[in-house]
Amino acid sequence: MTVSEDSSWFTLRWNAGRVELLDQRLLPSEERYLLLGEVEELAVAIEGLAVRGAPAIGCAAAMGVALGAETSEAEDASGLIADLEARVIPRLASTRPTAVNLFWALNRMRETLGRLAAAPGADARTIRSGLVAEAEKILEEDKATCREIGRAGVELVPEEARVLTHCNAGALATGGYGTALGVIRAAVEAGRRVRVLADETRPLLQGARLTAWELSRDEIPVEVCTDSMAGHLMQQGEVDLVIVGADRIAANGDVANKIGTYGLAVLARAHDIPFYVAAPLSTIDLEVPDGASIPIEIRGRDEVARIGERTILPDRVGVRQPAFDVTPARLVTALVTEKGLVRPLREESIRNLFAPSD
């Protein structure tokens with residue numbers, strides 16, 4: 001079976017000098033695209049989760065630098081560089097603290113900016129066009145990387161598999177195809193008979209709204225369960241493996257992902273079920289030694305207190321709203337990357353992923 005990639009939708013793209021992205025806040029009830037022509041508009045879209053998922057945030061940030069160059073009033077190369085460094089890159093860097101792909105993409109665009117500026121005959125025009133080309137290259141590389149992650153993870157999926165996943169680590173969270181869902185898609189393409197259980201993923205229901213939406217578009221069997229059902233379903237023998245994505249992986253292999261991931265890993269270990277993490281190398285942060293050093297984003301009250309337009313908490317009641325938790329490396333059966341599998345997850349094996357190829 002070949003999974004059909006529905007060409008009627010996309011996560012984001014560069015479109016004639018603007019950034020066009022699918023507003024994920026409205027899914028599954030409405031498919032609406034935002035066409036953003038200002039850096040501030042894009043920054044607000046990232047903060048508000050119109051675009052989300054670590055790889056997709058990275059792609060959006062790269063396009064944001066290109067957008068900043070296109071809209072800058074600077075007339076010469078030095079003025080353009082100063083404007084990007086002082087205004088554009090810091091604003092984009094402030095949007096989401098946990099997803100390290102954001103900073104990876106901004107650093108790559110900064111390096112590209114330096115290379116373009118140092119080229120003979122460089123001017124504002126050539127720098128602008130070069131930054132657009134680099135942002136589009138990052139997007140296409142991310143799509144290819146997800147395909148490689150999918151191929152690397154196929155061997156982990158049995159011929160008949162009931163897969164539990166959390167949040168959304170699919171095409172909507174990346175340039176296309178997905179990380180955790182990329183493994184699932186690749187397994188289906190390889191002829192595996194896969195059924196997916198998607199945690200609804202409170203408080204914003206990315207599993208129920210997004211994972212279920214995109215898998216159903218690909219006609220991959222999917223059912224939604226509440227987050228609190230996972231332990232029971234494992235106990236009843238209805239889960240063969242768990243696979244999730246990641247927003248940042250520390251040098252020692254600790255994994256920051258959507259809140260609720262750590263609990264799933266503990267449950268999987270208690271029931272002797274393999275727990276896999278699928279992520280590109282750009283999600284690994286070798287500068288962060290362990291999970292305790294990963295900054296955890298705290299989101300606003302309304303994301304817990306409201307569902308849609310309805311308030312579900314008494315007005316004076318507070319909430320706790322960490323957007324991510326950290327799963328210790330010892331609970332991860334294997335990490336799936338574009339360079340293959342890492343198991344067990346140790347710092348040496350992670351660093352080896354970045355060793356130069358012979």
Side-chain angles (χ1 to χ4, degrees), residues 7 9-26 31-97 99-145 171-176 282:
S7 60
W9 70 274
F10 57 89
T11 307
L12 75 167
R13 68 183 180 187
W14 183 259
N15 184 355
R18 291 184 286 183
V19 180
E20 187 175 12
L21 56 88
L22 179 60
D23 190 343
Q24 298 185 32
R25 298 168 297 189
L26 304 178
E31 295 175 35
R32 181 191 300 174
Y33 287 86
L34 302 176
L35 198 56
L36 308 175
E38 299 292 337
V39 172
E40 182 60 23
E41 291 178 329
L42 179 59
V44 169
I46 295 171
E47 290 170 336
L49 307 183
V51 59
R52 29 76 42 210
I57 290 171
C59 293
M63 291 183 183
V65 176
L67 182 63
E70 290 284 288
T71 58
S72 175
E73 296 180 356
E75 296 181 356
D76 57 22
S78 60
L80 177 59
I81 293 168
D83 187 28
L84 292 175
E85 290 286 3
R87 177 181 65 90
V88 175
I89 293 175
R91 177 65 182 103
L92 293 167
S94 72
T95 54
R96 299 292 304 276
V100 74
N101 303 65
L102 168 68
F103 307 101
W104 171 88
L106 291 176
N107 286 337
R108 178 162 162 179
M109 293 298 284
R110 181 181 277 118
E111 291 170 358
T112 300
L113 178 61
R115 174 175 52 80
L116 292 168
D123 57 18
R125 181 186 60 81
T126 59
I127 290 173
R128 287 185 171 103
S129 62
L131 290 174
V132 170
E134 187 69 11
E136 292 186 307
K137 182 179 179 182
I138 287 173
L139 176 64
E140 293 307 312
E141 286 178 358
D142 186 70
K143 295 177 183 179
T145 292
L172 288 166
T174 63
S282 57

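This chain uses plain numbering: 1 for the first residue, then up along the sequence.
In this structure, Thr112 contributes its side chain and Arg108 its backbone to a donor-acceptor pair below 3.5 Å. No donor-acceptor distance shorter than 3.5 angstrom exists from the side chain of Asp23 to the backbone of Leu34, with no hydrogens or angles considered. Checking side-chain atoms of Glu136 against main-chain N and O of Ala133 turns up no donor-acceptor pair under 3.5 Å. Panel note: side chain Asn107, backbone Phe103; a donor-acceptor pair is recorded below 3.5 Å. Under a 3.5 Å cut-off, the side chain of Thr11 and the backbone N or O of Ala171 do form a donor-acceptor pair. Side-chain atoms of Asp76 come within 3.5 Å of backbone atoms of Gly79 as a donor-acceptor pair (strictly under, hydrogens ignored).
Two residues are said to be in side-chain contact when any heavy atoms from C-beta on lie closer than 4.5 Å; Leu36 and Arg18 fail this criterion. The shortest distance between side-chain heavy atoms of Leu139 and Trp14 does not fall below 4.5 Å. Taking the side chain as every heavy atom from C-beta outward, Glu70 and Leu131 never approach each other to under 4.5 Å. Residues Arg128 and Leu80 have side chains in contact (heavy-atom distance under 4.5 Å, counting atoms from C-beta outward). Using a 4.5 Å heavy-atom threshold, the side chains of Glu20 and Leu12 count as separate.
For Glu85 and Arg110, the salt-bridge test passes: some basic side-chain N is under 4.0 Å from an acidic carboxylate O. Remark: Arg125 does not engage Glu75 in a salt bridge, criterion side-chain N to carboxylate O under 4.0 Å. By the 4.0 Å N-to-carboxylate-O rule, Glu47 lies too far from Arg96 to be salt-bridged with it. Looking at Lys143 and Glu140, a side-chain N of the basic residue comes within less than 4.0 Å of a carboxylate O on the acidic one, giving a salt bridge.
Closest approach of Phe10 to Leu22, counting heavy atoms only: O-CB, 3.4 Å. Contact detail for Ile127 and Ala77: the closest heavy-atom pair is CD1-CB, 3.7 Å. Between Pro90 and Ala86, the shortest heavy-atom distance links the atoms CG-O, 3.6 Å. The two residues Ala69 and Leu84 come nearest to each other via the heavy atoms N-CD2, 3.6 Å.
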Under 3.5 Å, which donor-acceptor pairs do the side chains of residues 52-64 form with other protein atoms, sequence neighbours left out?
unit_1	atom_1	unit_2	atom_2	d
Arg52	NH1	Gln24	OE1	3.1
Arg52	NH1	Asn168	OD1	2.9
Arg52	NH2	Asn168	O	2.7

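Heavy-atom neighbours of Arg87 CZ from other residues, nucleotides or ligands within 6.0 Å: above the threshold of 12.
Here the straight-line distance linking atom CG of Leu21 with atom CG of Leu35 works out to 9.0 Å at 0.5 Å rounding. For the atom pair Leu106 CG and Glu111 CD, the distance stands at 11.5 Å (nearest 0.5 Å). Here the OG-CG distance, from Ser282 to Leu102, works out to 11.5 Å after rounding to the nearest 0.5 Å. Taken from CG in Asp83 to OG in Ser78, the straight-line distance is 11.5 Å, to the nearest 0.5 Å.
Tested against Val88 for a side chain to side chain contact (heavy atoms under 4.5 Å, CB included), the candidates Leu42, Thr71, Val39 yield a single pass: Val39.
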Next item on the list: Could you check Asp123 against Thr126 for side chain to side chain donor-acceptor pair (under 3.5 Å), going step by step and ending with a plain yes or no?
Entry: CA-CA 6 Å; Asp123 57 18; Thr126 59; 3.1 Å; yes
